[in-house]
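To start, the structure itself, in structure tokens.
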Amino acid sequence: MECFLPFFRFDKINFCKMKRYTLSIGAEIKLPLLIALLLTSQICFADEPLSIKNLRTEYHENPSGIDVEKPRFSWTLEGDGRNRSQSGYQIVVASSTQKLNAGDWDIWDSGKVNSDRTNQIVYEGSSLQSGSKYFWKVKTWDETGVASGWSAEANWSMGLLNFSDWNGKFIGLDVGHQTGNKYDSLYLPPARYLRKSFNIQKKIKKATAYTTALGLYELRLNGSKVGEYYFLPGWTDYNKRVYYQTFDITKELKVGENVVGAVVADGWYSGYIGYALLVRLDKVRGFYGENPSFMGQILIEYEDGSKEVIVSDTSWKANQGAIREADILMGESHDARLNNSGWDAPGFDDNSWKRPKIYTHPNGRLQAYPGSLIEERERLISKKVTEPKPGTYVFDLGKNIAGIAELKVQGPKGTSIELKYGEILNADGTVLTENLRRARATDTYILNGEGTEVWQPKFTYHGFQYVQVTGFSSKPDVDAITGIVMSSIETNASSFSSSSNMNNILFENIKTTQSANFFEVPTDCPQRDERLGWTGDAQTYCRSATYNSDASAFFTKFLIDLDDAQRWYGAYPNFAPFPYSRPNQYAPAWMDAGVIIPYNMYKVYGDTRIVEYMYPGMQKFMEFQADASTDYLRPGGGNNWGDWLSVNEKTSHDYIGSSFYGYDADLMAQMAKALGKNDDYEKYKSLFENIKKAFSKKYILENGYTTEDTQTTYALALYFNLYPEELAQKGADRLAEKIRLNGNKFSTGFLGTKHVMLALSKYGHDDLSYKLFQQTEYPSWGYSVVNGSTSIWERWNSYTKDADENSSLNSAMNSFSHYAFGSVAEWMFIHGLGIDTEDAGFRNIIIKPAVSKEIGFMKGSYDCINGTIASNWELKGNKLTMKVFVPVNTQAKVYIPSAKPSAIKEGKLNLSKVDAVKILESGSEEMVVQIGSGDYTFTTIIN
Ligand code: BGC
């Protein structure tokens with residue numbers, strides 16, 4: 001029990017809850033008596049028991065069909081009052097809801113575990129069975145030993161764990177092959193339709209579908225799509241692994257005739273990928289195989305205990321249908337006259353359909369999908385429709401997204417509607433498509449003429465704000481086109497607002513662009529013939545990504561891709577998956593994603609399992625770097641993009657190579673320590689020291705300048721701790737001076753930009769960070785905002801409102817949806833709002849906002865793995881108010897800048913009188929205090 005009185009405030013009492021308070025000796029007391037006691041003496045009473053939220057298994061809410069042998073559990077805690085924490089937990093797992101509720105925990109009972117852990121808790125019960133479903137709940141004990149109630153129930157199911165569990169064959173349909181010249185003409189084969197009718201005579205207890213494809217598939221059952229996902233089964237190196245999905249279809253089946261169907265298209269497996277066509281690689285499509293195929297099985301368990309399995313085999317029927325072309329980059333064509341209406345439902349005559357063709361099993365292992373699948377995230381109504389040319393209509397969806405357009409149309413049979421997509425408009429109001437390069441990005445729909453027709457493509461997506469439509473006989477209504485925003489993630493983990501409207505728009509733009517590019521893999525951009533998991537972009541943005549979304553499962557999946565794509569000699573590639581057969585595809589600061597992203601998974605989510613998984617590869621990568629180095633300096637090597645898209649300053653590739661090598665060594669040491677690999681910890685620590693010595697000898701001058709004197713050189717060396725301690729401040733001051741001399745503007749590209757912000761704040765130049773943050777002249781983030789952007793651009797100057805200047809831009813290499821420069825989100829949260837984690841996993845939180853008169857207030861929150869952290873600060877003249885909230889089971893170090901630390905108040909009391917606040921350090925201009933969970937308001941005066 002906690003003595004609460006010293007900081008008791010009546011405005012905070014929730015009287016409704018008061019009758020549940022008990023004396024420390026446990027006796028119940030009446031309300032008037034309690035008030036009297038409160039007023040006269042120091043009594044102790046318990047807070048409400050903790051409540052348990054957000055139960056997750058392997059980062060997912062109630063996942064279907066996982067194949068992790070020992071899944072990890074997590075939850076968050078909520079509770080009134082301050083300093084609340086967990087002292088113990090009990091997890092129970094049962095084979096049914098009934099058993100779970102009856103206390104018959106036949107699968108696992110952890111018993112009471114005295115622990116404050118609420119995540120990364122490993123299942124330790126008996127071995128989990130293929131195809132079984134499990135139900136779990138958790139109970140916790142708080143800091144005083146008071147038990148919570150049981151949490152709500154959660155569940156997960158296991159997928160098919162053994163190869164022998166799979167009985168289906170990969171089935172498809174031969175539709176011919178490419179004949180023309182592969183560079184000059186596109187080959188876009190039709191989708192394949194597969195169906196099987198089967199009869200059910202008995203009452204069903206449970207039915208589950210396990211399905212996958214080489215290519216993309218949509219599963220259909222009795223006339224409807226199964227599940228809400230797109231782009232199944234996901235993109236992998238299909239020679240190494242092929243993911244499958246598990247769907248509970250108990251409710252979709254019925255007694256009598258049932259029909260299962262699958263539509264299959266090329267996708268990443270056999271369609272066009274990336275820039276292969278543009279640069280005329282040996283292969284331009286079909287990187288993993290020529291023909292898409294489907295494989296799956298439905299397991300039906302009957303009430304009478306018997307079972308039946310429907311598998312994909314030659315008893316199915318196959319045909320072509322309405323989807324005449326389907327390619328991720330090129331678009332989709334749908335001829336609704338060929339709809340074969342009812343093909344996926346009972347009662348359809350499939351006599352004219354063929355037997356499917358059997359394709360060989362891929363080399364890759366069948367595995368459950370570990371990431372976050374692509375879903376519809378938002379529907380956008382068009383803001384306006386224009387007619388720049390007679391019969392050509394342009395729909396403006398208001399923001400630059402990734403996804404598809406849903407078409408609503410009525411007209412005569414055979415009418416062809418063409419949809420083209422673009423991010424910006426030409427001067428004449430038509431969509432600009434030059435920057436799509438060889439991505440045709442065109443969809444076509446041919447009407448069947450039967451009333452209002454609503455259509456969405458299934459196997460393509462585009463990066464766009466505008467849809468240009470031709471084929472309407474008259475001006476269409478605004479609802480003829482609806483934008484469907486698709487993404488693997490939801491950007492809902494944080495909030496941010498400030499007194500700068502420009503910066504608030506910037507935050508929205510960052511989220512929009514993250515959403516558009518967290519699309520199965522972290523793509524560079526969603527529109528042109530690229531859309532690859534570029535590693536440089538991903539490493540620079542990964543920490544920002546975790547602030548804006550729960551990216552844990554998404555990055556888990558991507559790291560498996562990266563590990564699969566590691567070059568045999570140890571380098572990580574330029575992008576992953578890596579479908580091309582090109583040697584030497586690596587680059588400094590791109591390949592380092594193989595170390596930086598796992599480190600961030602550890603830092604943000606406390607995830608040591610993924611670090612363990614990546615560890616052998618990371619060690620090999622470190623050896624590759626050691627081999628390539630001379631006296632601890634790693635040269636640029638490989639592809640050299642340097643500080644990609646920097647402005648007026650070039651940092652040498654060798655400098656970048658060596659600085660990232662040092663950073664890797666430091667992160668490896670921290671990860672080795674986290675895994676308890678002490679020898680490796682020592683090894684990487686001393687490697688870091690050696691690199692630092694060699695690096696500073698070569699690149700840092702005695703006056704603190706770098707030899708190359710670019711903004712990026714300072715930012716990298718300072719942020720990566722490669723400066724000799726005594727020179728670091730001088731280096732930071734020189735960086736600041738250079739920025740001022742440059743008119744408070746950047747000269748940096750993908751690598752330097754966020755590190756400039758982080759390095760400035762690290763060395764006391766917050767005011768200057770804010771000048772950069774709020775800058776609106778090129779190059780700056782503000783420049784894109786004032787030029788009307790709704791997204792983050794690839795280039796600092798992708799576009800200007802000035803039409804003349806636009807003509808000089810490189811329009812073929814100019815994406816309007818590139819998240820790399822959005823990596824300022826990391827600075828916004830770590831420094832602007834000041835929300836960071838001291839160790840790994842946000843148990844020991846840091847609240848250290850960069851309070852500055854350059855901006856009036858900042859307000860925001862972040863849902864970390866332990867719950868919501870909030871930090872609001874506001875300056876009114878010299879008066880600073882900081883409102884902080886940290887979740888149950890965490891503590892925070894709060895840094896309060898103050899002209900008079902001894903006069904800081906929390907609520908109405910002087911800090912020294914608030915028991916819940918522990919003063920750690922009191923300097924002349926700052927006070928550092930420690931708080932436990934709860935909300936706090938600090939007020940003070942600053943200089
Ligand atoms: C991509 C980048 C990527 C780069 C390598 C580009 O084409 O769009 O974002 O990192 O290539 O320089």
Side-chain angles (χ1 to χ4, degrees), residues 272-281 328-329 400 402 423 434-439 441 462-463 510 513-514 516-542 544-545 558 561-562 565 567 571-580 582 584-594 596-597 636-647 650-653 656-657 660 712 748-755 779 784 791-799 809-824:
Y272 290 91
I273 299 181
Y275 54 74
L277 195 55
L278 181 81
V279 304
R280 299 171 87 91
L281 295 183
I328 292 175
L329 294 179
N400 194 17
E423 297 177 288
E434 206 180 340
N435 71 337
L436 308 181
R437 298 194 315 212
R438 295 296 298 266
H462 314 287
I510 291 171
T513 302
Q514 180 176 337
N517 283 295
F518 275 47
F519 207 100
E520 179 60 20
V521 297
T523 62
D524 52 338
C525 52
Q527 72 301 83
R528 68 175 176 233
D529 54 352
E530 208 142 2
R531 313 186 197 185
L532 298 165
W534 280 97
T535 45
D537 310 40
Q539 67 81 1
T540 209
Y541 188 75
C542 66
S544 292
F558 181 60
D561 293 335
L562 197 50
R567 314 281 79 193
Y572 289 103
N574 295 336
F575 41 84
F578 194 82
Y580 305 153
R582 303 184 103 185
N584 299 333
Q585 287 284 295
Y586 63 88
W590 269 251
M591 59 181 165
D592 306 80
I596 296 170
I597 302 176
N639 296 99
N640 273 318
W641 296 300
D643 186 19
W644 181 237
L645 301 180
S646 64
V647 181
K650 289 265 168 276
T651 298
S652 78
H653 300 153
I656 291 168
F660 273 85
T712 293
T748 50
F750 278 22
L751 305 183
T753 303
K754 84 163 184 190
H755 292 112
S784 66
S791 51
I792 301 297
W793 298 340
E794 177 173 25
R795 294 168 180 275
W796 286 119
N797 59 344
S798 282
Y799 173 80
L809 300 174
N810 177 356
S811 47
M813 185 73 182
N814 191 358
S815 142
F816 292 83
S817 183
H818 242 76
Y819 61 65
F821 280 131
S823 56
V824 66

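All ligand and atom numbering here is 1-based and tracks the order in the structure.
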Close side-chain approach of I273 to L532, heavy-atom, < 4.5 Å: yes
Tell me whether F750 reaches ligand 1 (any heavy atom closer than 4.0 angstrom to a ligand atom). yes
Please answer whether the main-chain N or O of [Y] pairs with a side-chain N or O of [X] as donor and acceptor at a distance below 3.5 Å.
X: S817; Y: T513; answer: no
X: N400; Y: F816; answer: yes
X: N574; Y: W590; answer: no
X: R582; Y: L281; answer: no
X: T535; Y: P573; answer: yes

If the cut-off is 4.0 Å to any non-hydrogen atom of H818, which atoms of ligand 1 fall inside it? 1 (C), 2 (C), 8 (O), 9 (O)
Could you list which atoms of ligand 1 come closer than 4.0 Å to a heavy atom of E794?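 That gives atoms 8 (O) of ligand 1.
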Taking the ring centre of each residue, are Y275 and Y580 less than 6.0 Å apart? yes
Starting from [atom], what is the nearest protein heavy atom, named by residue and atom, and what distance separates them?
atom: atom 4 (C) of ligand 1; answer: W644 NE1, 3.9 Å
atom: atom 1 (C) of ligand 1; answer: D524 OD2, 3.2 Å
atom: atom 10 (O) of ligand 1; answer: D537 OD1, 2.6 Å
atom: atom 11 (O) of ligand 1; answer: W534 CZ2, 3.6 Å

Should one rank R437, R528, E530 by closest heavy-atom distance to atom 8 (O) of ligand 1, which comes out on top?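 Considering heavy atoms of R437, R528, E530, the nearest to atom 8 (O) of ligand 1 sits in R528.
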Taking non-hydrogen atoms only, is W590 closer than 4.0 angstrom to ligand 1 via side chain, backbone, both or neither?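 Only the side chain of W590 comes within reach of ligand 1.
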